[in-house]
Amino acid sequence: MLNVTNLKKAFKLPDGTSLPILHIPEFHLDAAEQAVLVGQSGGGKTTFLHCIAGITAPDSGKVEIDSIETTRLSEAGRDRVRAAKLGYVFQTFNLLSGFTALENVRLGMTFASGRHDLKRATDLLNRVGLGERLHHKPGALSVGQQQRVAVARALANRPKLLLTDEPTANIDPANQQTIIDLIRECCQAEGIALLMVTHSSEVAGQFDRVESLSDFNQVLETASAEA
Ligand SMILES: Nc1ncnc2c1ncn2[C@@H]1O[C@H](COP(=O)(O)OP(=O)(O)OP(=O)(O)O)[C@@H](O)[C@H]1O
Ligand SMILES: [Mg+2]
């Protein structure tokens, strides 16, 4: 369902040098498979998820999602595939501040399919424990509550692949397990493949497949002058 081949990404620094972050010869995820991605801060986990999602274009290499080679598409094409096939819980949430919790979840559906499934949006918000906060805007929600809206929004459209970047980093331990269970149960019930970044060994320990980025990222982390 997800195939990454020979993916490379470097960032250009202001002094003109190039800072390589990713060189991933191969990474695969089967349909409905669940894996956790761990690794040191600054190692490139978010950059890797952004490359998979087509938010960032890699310098070279191939990303294939549900048999579509997204690295061959234009930015608009990648946006369409992302809307139709991907759910993404951003490390920084990226909720729309002018819209309520319920509207944020329903807007995610509109971008993807043009349909508003009010019942599913409400059900998901109830399941993340925000049934009493449907009409609050992000500014009137706690950080952990905002993160829970982001989880509901990412699941709303029944994606084929869910990418989550530390989805419980700002949530207290009791609610953390509820959110992890919700994400995993929803993915299992609906056949959604899941790649979850986490710094929590407690969360990682619950997964059969735990990938450490440094084990398959072959980048040599030294800035070099552009040839
Ligand atoms: N736009 C950019 N320009 C230059 N360097 C960048 C840019 N974005 C990210 N980096 C560098 O790329 C590296 C990887 O960043 P990334 O956000 O992917 O790490 P991460 O593994 O997600 O870390 P964390 O666990 O702290 O979230 C970092 O060292 C960062 O400084
Ligand atoms: Mg990160």
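Note that the coordinates shown come from a computational prediction; the quantities given were computed from them, not determined experimentally. Just follow the structure's listing: the first ligand is 1, and inside any ligand the first atom is 1.
Ring geometry, Y88 versus H50: the interplanar angle falls from 30° to 60°, so the pair is classed tilted.
Side chain of N104 to main chain of L96: a donor-acceptor pair is present (N/O by atom type, distance under 3.5 Å, no hydrogens or angles).
Residue-ligand proximity: G43 is placed with a non-hydrogen atom under 4.0 Å from ligand 1. Heavy atoms of H199 come nearer than 4.0 angstrom to ligand 1 in at least one pair. Not a single heavy atom of K12 sits under 4.0 Å from any atom of ligand 1.
Ligand 1 has no nitrogen or oxygen under 3.5 angstrom from a nitrogen or oxygen of L13. The shortest N or O to N or O distance between G42 and ligand 1 is below 3.5 Å.
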* Starting from the C-alpha separation in whole Å, work towards a yes-or-no answer on side-chain contact (heavy atoms from CB on, under 4.5 Å) for L22 and T47. => CA-CA 8 Å; L22 298 174; T47 307; 3.9 Å; yes
* Going through the checks in order, is the side-chain hydrogen bond (donor to acceptor under 3.5 Å, both in side chains) test met by Q206 and Q177? -> CA-CA 10 Å; Q206 299 172 23; Q177 195 56 51; 2.9 Å; yes
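Close approach of ligand 1 to Q40 (heavy-atom distance below 4.0 Å) involves ligand atoms 21 (O).
Looking at D165, L19, V38, T47, it is T47 that brings a heavy atom closest to atom 15 (O) of ligand 1. Of the listed residues (K45, Q91, H50, K9), the one carrying the non-hydrogen atom nearest atom 25 (O) of ligand 1 is K45.
With a heavy-atom cut-off of 4.0 Å, I21 touches ligand 1 through its side chain alone.
The residue from L182, D181, I180 that alone fulfils the side chain to side chain contact (heavy atoms under 4.5 Å, CB included) condition with R184 is I180. Residue L161 is tested with I192, I52, L194 for a side chain to side chain contact (heavy atoms under 4.5 Å, CB included); the sole match is I52.
Here the angle centred on the Mg ion (ligand 2), running from OE1 of Q91 over to OG1 of T46, is 80°, rounded to 10°.
The Mg ion (ligand 2) has no N, O or S atom of S41 under 2.8 Å away, backbone or side chain.
The distance from atom OG1 of T122 to atom CG of L130, rounded to the nearest 0.5 Å, is 12.0 Å.
A cation-pi arrangement is present between R209 and F27 under the rule of less than 6.0 angstrom and at most 45 degrees off the ring axis.
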